[in-house]
Amino acid sequence: MALLGGGVGGAGNPVGGSFTGPATALEYIGDFAYAYSGLQSSTTALKTYLSFTTGANLIVGVLQTNAAVDDDNPTVGATSATEITLNNNRIAILKTDTKDEDMKGSERMELVLPPYTTVLVTMVDDGNESDRFGSVSFVGRVYRD
């Protein structure tokens, strides 16, 4: 279940822990944590894909960013830059490309998230296209004391 209160966690999993849809917040189920942005249309304005604060435990996981692609035409895409910030400190910028396809369309980064860490994942694309969609996800294992 999600952590609630104090600006941490997000919408809970009210239906027996089942997936209820994309949320920028971190969700907890047992010893696992996850966040899925869902599909977001490409934009040249910086856009938040994930935003959460971890709880009292260490989380080790993988963040995956996916550059935007046209949902009706897989030959049309975008170049995207995803920035990862921990406690207001920029730690990485991942560049992905489904436009020129001269680099990966998806990029993965292993992350260790200490307790009580504020995570912000933003993305910017090279165009404003309402029919091109990108996404970000985080899946990790929770290590409890």
Side-chain angles (χ1 to χ4, degrees), residues 1-4 7-55 57-143:
M1 89 179 207
L3 292 174
L4 299 175
V8 296
N13 286 313
V15 186
S18 64
F19 182 70
T20 58
T24 63
L26 190 65
E27 303 289 342
Y28 289 84
I29 296 180
D31 289 333
F32 293 93
Y34 68 91
Y36 297 108
S37 70
L39 296 178
Q40 306 288 326
S41 58
S42 69
T43 178
T44 57
L46 193 63
K47 187 179 209 179
T48 297
Y49 277 63
L50 299 178
S51 177
F52 57 84
T53 301
T54 62
N57 301 294
L58 175 76
I59 302 172
V60 177
V62 175
L63 180 122
Q64 180 169 323
T65 180
N66 305 296
V69 66
D70 189 311
D71 60 342
D72 295 323
N73 184 350
T75 65
V76 178
T79 302
S80 305
T82 303
E83 181 176 282
I84 298 102
T85 304
L86 302 181
N87 289 339
N88 296 318
N89 294 289
R90 299 166 69 199
I91 65 159
I93 297 176
L94 305 175
K95 184 177 178 185
T96 51
D97 177 27
T98 56
K99 182 178 179 182
D100 299 319
E101 299 189 11
D102 58 351
M103 62 182 54
K104 292 182 194 179
S106 293
E107 190 67 57
R108 293 167 57 97
M109 179 178 178
E110 294 180 2
L111 288 174
V112 175
L113 302 178
Y116 308 111
T117 298
T118 299
V119 178
L120 178 65
V121 181
T122 57
M123 188 186 296
V124 64
D125 303 296
D126 65 346
N128 293 309
E129 305 293 340
S130 61
D131 63 346
R132 296 180 195 167
F133 302 94
S135 64
V136 174
S137 63
F138 176 78
V139 178
R141 173 136 165 80
V142 179
Y143 291 90

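Counting begins at 1 with the first residue of the sequence.
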Enquirer: Mark yes when over 12 heavy atoms from residues, nucleotides or ligands other than R141 sit less than 6.0 Å from its CZ; otherwise mark no.
Expert: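 Yes, because the 6.0 Å sphere around CZ of R141 holds more than 12 heavy atoms from other groups.
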
Enquirer: Which pair of non-hydrogen atoms, one from L50 and one from Y36, has the smallest distance, and what is that distance?
Expert: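 What the structure gives for the nearest pair is CD2-C, 4.1 Å.
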
Enquirer: Hey, does F138 have a side-chain heavy atom less than 4.5 Å from the side chain of I59?
Expert: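 Sidechains of F138 and I59: in contact.
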
Enquirer: Calculate, to the nearest 0.5 Å, the distance between atoms CG and OG1 belonging to N66 and T98 respectively.
Expert: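 The CG atom of N66 sits 9.5 Å away from the OG1 atom of T98.
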
Enquirer: So, R132 and D125, do they make that salt bridge, N to O below 4.0 Å?
Expert: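 Not counted as a salt bridge, because no side-chain N and carboxylate O are separated by less than 4.0 Å.
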
Enquirer: Any side-chain heavy atom of T54 within less than 4.5 Å of one from Y28?
Expert: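 Counting from C-beta outward, T54 and Y28 do come under 4.5 Å.
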
Enquirer: Is the F32 to Y34 ring centre distance short of 6.0 Å?
Expert: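 Centroid separation for F32 and Y34: 6.0 Å or greater.
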
Enquirer: For the residue pair P22 and S37, establish whether any side-chain heavy-atom pair is separated by less than 4.5 Å.
Expert: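 No, their side chains stay 4.5 Å or more apart.
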
Enquirer: Would you compute the distance between atom CG of D126 and atom OG1 of T44 and round it to the nearest 0.5 angstrom?
Expert: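 Here the rounded value is 9.0 Å.
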
Enquirer: Take L94 and L63 through the side-chain contact (heavy atoms from CB on, under 4.5 Å) test and state the conclusion after the steps.
Expert: CA-CA 10 Å; L94 305 175; L63 180 122; 4.3 Å; yes

Enquirer: Does K47, at its NZ atom, have more than 12 non-hydrogen atoms belonging to other residues, nucleotides or ligands within less than 6.0 Å?
Expert: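 Above 12, so yes.
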
Enquirer: Just how far is it from atom OG of S42 to atom CG of D70, taken to the nearest 0.5 Å?
Expert: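 S42 OG to D70 CG: 9.5 Å, rounded to 0.5 Å.
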
Enquirer: Nearest heavy-atom pair of S135 and L39: which atoms, and what distance?
Expert: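 What the structure gives for the nearest pair is CB-CD2, 4.2 Å.
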
Enquirer: Between V119 and L111, is there a side-chain heavy-atom distance shorter than 4.5 Å?
Expert: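 No; the side chains remain at least 4.5 Å from each other.
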
Enquirer: State, yes or no, whether a side-chain contact exists between V139 and V62 at a heavy-atom distance under 4.5 Å.
Expert: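 No, side chains not in contact.
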
Enquirer: Between atom CZ of F52 and atom CG of L120, what is the distance when rounded to the nearest 0.5 Å?
Expert: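 Reported value, rounded in 0.5 Å steps: 9.5 Å.
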
Enquirer: Any side-chain heavy-atom pair from S41 and E129 closer than 4.5 angstrom?
Expert: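 Sidechains of E129 and S41: no contact.
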
Enquirer: What I'd like to find out is whether the side chain of T122 reaches to under 4.5 Å of the side chain of V124, using heavy atoms alone.
Expert: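 Not in contact.
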
Enquirer: For atom CG of D100, is the number of surrounding heavy atoms from other residues, nucleotides or ligands below 6.0 Å larger than 12?
Expert: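 Result for CG/D100: enclosed.
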
Enquirer: Indicate yes or no: at least one non-hydrogen side-chain atom of T96 is less than 4.5 angstrom from one of T79.
Expert: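 Counting from C-beta outward, T96 and T79 never come under 4.5 Å.
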
Enquirer: Is it true that T118 and T53 share a donor-acceptor pair across their side chains at a distance under 3.5 Å?
Expert: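 Yes, T118 and T53 have a side-chain donor paired with an acceptor closer than 3.5 Å.
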
Enquirer: Using the rule given for side-chain contact (heavy atoms from CB on, under 4.5 Å), can you reason through D131 versus D71, listing the C-alpha separation, both sets of side-chain angles and the distance that settles it, and then say yes or no?
Expert: CA-CA 6 Å; D131 63 346; D71 60 342; 4.2 Å; yes

Enquirer: Are V136 and Q64 close enough, and set up right, to give a side-chain contact (heavy atoms from CB on, under 4.5 Å), and what steps lead you there?
Expert: CA-CA 6 Å; V136 174; Q64 180 169 323; over 6 Å; no

Enquirer: Enter the distance from E107:CD to T82:OG1 here, rounded to the nearest 0.5 Å.
Expert: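 Rounded to the nearest 0.5 Å, the CD-OG1 separation comes out at 9.5 Å.
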
Enquirer: With sequence neighbours left out, write down each residue that passes side-chain contact (heavy atoms from CB on, under 4.5 Å) with M103, or none if nothing qualifies.
Expert: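 If we apply the side-chain contact (heavy atoms from CB on, under 4.5 Å) test to M103, skipping adjacent residues, the hits are K95, D97.
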
Enquirer: Walk me through it: do Q40 and F133 pass the test side-chain contact (heavy atoms from CB on, under 4.5 Å)?
Expert: CA-CA 5 Å; Q40 306 288 326; F133 302 94; 5.9 Å; no

Enquirer: Which pairs, with at least one residue in residues 80-94 and sequence neighbours excluded, count as a salt bridge (charged side-chain N to carboxylate O under 4.0 Å, His left out)?
Expert: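 Found E83-R90.
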
Enquirer: Can you tell me how far the OG atom of S80 sits from the OH atom of Y49, to the nearest 0.5 Å?
Expert: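 Between S80 OG and Y49 OH, I get 6.5 Å after rounding to 0.5 Å.
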
Enquirer: Check side-chain hydrogen bond (donor to acceptor under 3.5 Å, both in side chains) between T43 and all other residues, then give those that pass, not counting sequence neighbours.
Expert: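 Applying side-chain hydrogen bond (donor to acceptor under 3.5 Å, both in side chains) to T43 gives N128.
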
